[in-house]
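Notes for the one structure printed next.
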Protein chains: 2
Amino acid sequence: MNKEEQVIASFRELFNKLAWLNKFKMEESLKGYKPSEVHCIEYIGKLEEPNVTRLAEALYMTTGAISKIMKKLLEKGIIESYQKPDNKKEIYFRLTEQGNAIFKIHEDLHNEFQERDQAVFAQITDRQFEAMLGFIENYSRHLDAEIKKQGLGMKPEQATEQK
Amino acid sequence: MNKEEQVIASFRELFNKLAWLNKFKMEESLKGYKPSEVHCIEYIGKLEEPNVTRLAEALYMTTGAISKIMKKLLEKGIIESYQKPDNKKEIYFRLTEQGNAIFKIHEDLHNEFQERDQAVFAQITDRQFEAMLGFIENYSRHLDAEIKKQGLGMKPEQATEQK
DNA sequence: CTTATTTTGTTTCCTAGGAAGGAAAAATAG
DNA sequence: CTATTTTTCCTTCCTAGGAAACAAAATAAG
């Protein structure tokens with residue numbers, strides 16, 4: 001296995017492990033709510049005036065998919081929709097009290113994960129930190145150039161988050 | 001954004017970009033074959049005496065899902081199945097000539113990707129390389145300990161590959 | 001050997017989400 | 001202003017894949 005494969009493969013493995021562990025704890029704390037729902041709740045709480053379109057962009061999903069999830073969250077009373085008086089097309093969402101409670105649980109969990117892994121990050125040196133970011137930066141630029149070379153202007157899909 | 005978030009977020013972004021670019025080229029070269037099919041073909045070509053169970057493990061999918069894909073690949077004449085004379089339960093798969101052709105295209109593409117990115121990896125220093133692997137190793141061990149602490153014995157899911 | 005347990009593979013049922021089409025509102029062109 | 005184009009949202013249709021139930025074969029236990 002060469003350097004390239006080694007770095008990529010072991011990082012992928014690490015990510016998978018992290019995602020799996022966090023997902024596990026997440027499901028434990030937020031039983032009854034599906035990952036996609038929690039994810040939407042998170043972004044409704046974070047974004048400014050979120051609507052279907054904004055959420056779809058932020059979550060790298062289609063507007064159709066988001067539309068369906070919003071419908072469910074509305075039915076469950078987790079979110080509510082509102083419109084601006086001068087616009088009859090765009091529909092915005094905000095969290096209800098119940099939604100905020102879920103948002104809070106999610107946020108706390110996120111912080112808990114950070115604390116849990118803090119030891120690992122505290123012990124990396126600035127040199128290591130710079131080395132990693134430098135590599136990422138290089139590779140990313142290289143890929144951007146390749147993408148440009150291919151004439152592909154679109155944005156890549158985002159993997160599911162794993163907080 | 002702290003170190004932890006920065007490293008994780010930028011790596012994730014890099015991975016997404018890489019996956020997106022490669023997927024794009026892959027679909028271009030292997031039009032008519034679905035990603036999951038190509039993925040299965042890859043592993044049927046690589047594994048020793050693959051059967052539904054082995055493939056499911058290797059691809060982190062359920063046996064049910066693999067079973068369905070095998071059915072399709074058989075119908076398309078991309079693979080063929082065989083059994084051992086002394087075992088009437090286990091069913092193994094091998095690539096047909098057509099299957100091998102697809103395997104070859106996939107493999108070539110994989111090599112092409114390596115060459116394309118070789119410049120980036122050639123220029124990382126041994127120090128950088130060690131720093132990254134060291135970090136990954138540390139973090140991975142930390143997570144293993146956490147998983148053990150939780151008493152979760154199972155393996156994490158694997159993300160889809162992106163060669 | 002006979003019986004119980006485990007392994008292997010298949011099928012059925014169900015859900016998430018993408019693609020595509022369509023309707024209504026808004027923005028732009030003329 | 002009216003006509004066209006674009007944006008926003010929703011719905012219908014379809015597919016991939018997981019869960020679970022099951023059958024057949026193999027293995028283990030007695």
Side-chain angles (χ1 to χ4, degrees), chain A residues 19-20 23-24 27 32-41 43-44 47-76 79-93 154-161, chain B residues 20 23-24 27 32-41 43-44 47-76 79-94 154-161:
Chain A
W20 181 80
K23 187 178 159 227
F24 197 95
E27 282 169 0
Y33 303 101
K34 293 169 197 162
S36 69
E37 289 174 349
V38 175
H39 212 190
C40 280
I41 291 166
Y43 276 81
I44 291 170
L47 295 178
E48 297 277 320
E49 308 202 314
N51 57 8
V52 168
T53 306
R54 304 292 146 61
L55 287 166
E57 282 168 5
L59 297 166
Y60 295 84
M61 290 172 68
T62 59
T63 58
I66 299 292
S67 186
K68 289 176 215 166
I69 296 174
M70 292 305 107
K71 196 175 167 185
K72 263 201 232 162
L73 293 178
L74 282 167
E75 282 164 4
K76 291 192 187 178
I79 61 173
E80 55 193 18
S81 61
Y82 64 95
Q83 292 188 284
K84 295 187 183 175
D86 56 339
N87 189 317
K88 286 165 188 142
K89 189 171 63 161
E90 294 175 12
I91 300 167
Y92 303 92
F93 303 98
M154 308 179 50
K155 75 191 166 198
E157 307 259 339
Q158 186 195 42
T160 47
E161 268 197 54
Chain B
W20 180 79
K23 189 180 158 228
F24 197 95
E27 282 170 359
Y33 303 101
K34 293 168 197 163
S36 68
E37 290 175 349
V38 175
H39 213 191
C40 281
I41 291 166
Y43 276 79
I44 291 171
L47 295 177
E48 297 278 318
E49 306 201 317
N51 58 7
V52 167
T53 307
R54 303 293 146 61
L55 286 166
E57 282 167 3
L59 297 166
Y60 295 84
M61 290 172 69
T62 59
T63 59
I66 299 291
S67 187
K68 289 174 215 166
I69 296 173
M70 293 304 108
K71 198 175 167 185
K72 263 200 233 164
L73 292 178
L74 283 167
E75 282 164 5
K76 292 192 187 179
I79 62 173
E80 54 193 19
S81 62
Y82 64 96
Q83 293 187 286
K84 294 185 184 177
D86 56 338
N87 189 317
K88 284 164 191 143
K89 191 171 61 160
E90 297 176 10
I91 301 167
Y92 302 93
F93 303 99
R94 69 166 81 89
M154 308 180 47
K155 75 192 167 194
E157 306 257 341
Q158 187 196 41
T160 46
E161 270 199 53

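The chains referred to below are lettered A, B, ... by the order of the sequence lines, with proteins before strands, and numbering in each begins at 1.
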Exercise for the section: With the side chain of A:K72 defined as its heavy atoms from C-beta on, choose the nearest nucleotide among D:dC10, C:dA25, C:dA16. Expected result: C:dA16
Handout entry: Distance test, side-chain N/O of A:N51 to OP1/OP2 of D:dT8, below 4.0 Å
Key = no
Problem - B:Q83 side chain to B:E90 backbone, donor-acceptor under 3.5 Å - result: yes
Completion exercise
Taken to the nearest whole Å, NZ/A:K71 to P/D:dC10 is 9 Å
Practice task
List the atom of A:L74, the atom of A:E80, and the distance in Å for their closest heavy-atom pair.
Solution key: CD2-CA, 3.7 Å
Exercise for the section: Starting from P on D:dG17, measure out to OH on B:Y60 and report it in whole angstrom. Expected result: 17 Å
Completion exercise
From NZ of B:K84 across to P of D:dA26 the rounded distance in Å is 13 Å
Exercise for the section: Output the single nucleotide from D:dA26, D:dG17, C:dA19 whose closest atom is nearest the side chain of B:I69. Expected result: D:dG17
Exercise for the section: Quickly work out the B:L73 CG to C:dG9 C1' distance and round it to whole Å. Expected result: 16 Å
Exercise for the section: Compare the minimum distances between each of C:dG17, D:dG17, C:dG9 and the side chain of B:I91, then state the nucleotide with the smallest one. Expected result: C:dG9
Handout entry: d(OH, A:Y82; P, D:dC9) in whole Å
Key = 12 Å
Exercise for the section: Ignoring backbone atoms, test whether B:S67 places a side-chain nitrogen or oxygen under 4.0 Å from the OP1 or OP2 oxygen of C:dT11. Expected result: no
Completion exercise
The nucleotide from D:dT8, C:dT8, C:dG18 with an atom nearest the side chain of A:K68 is C:dG18
Problem - Under-4.0 Å side-chain N/O to phosphate OP1/OP2 contact, A:K89 with D:dC9 - result: no
Fill in the blank from the handout: Atom CG of A:D86 and atom P of C:dA25 are separated, to the nearest Å, by 15 Å
Completion exercise
Heavy-atom nearest pair, A:I44 first then A:I79, reads CD1-CG2, 3.8 Å
Problem - Among D:dC10, D:dT15, C:dT8, the nucleotide that comes nearest once only the side chain of B:R54 is considered - result: C:dT8
Exercise for the section: Taking only the side-chain nitrogens and oxygens of B:N87, find out if one of them lies under 4.0 Å from OP1 or OP2 of D:dA25. Expected result: no
Handout entry: d(CD1, A:I66; P, C:dG17) in whole Å
Key = 8 Å
Problem - Distance below 4.0 Å between A:T63 side-chain N/O and D:dC10 OP1 or OP2 - result: no
Handout entry: A:G32 to A:E37 - nearest heavy-atom pair and separation
Key = O-OE1, 4.4 Å
Exercise for the section: Please determine if a side-chain N or O atom of B:T53 lies less than 4.0 Å away from the OP1 or OP2 oxygen of C:dG9. Expected result: yes
Handout entry: Out of D:dG18, D:dA26, D:dC9, whichever nucleotide has its closest atom nearest the side chain of B:A65
Key = D:dG18
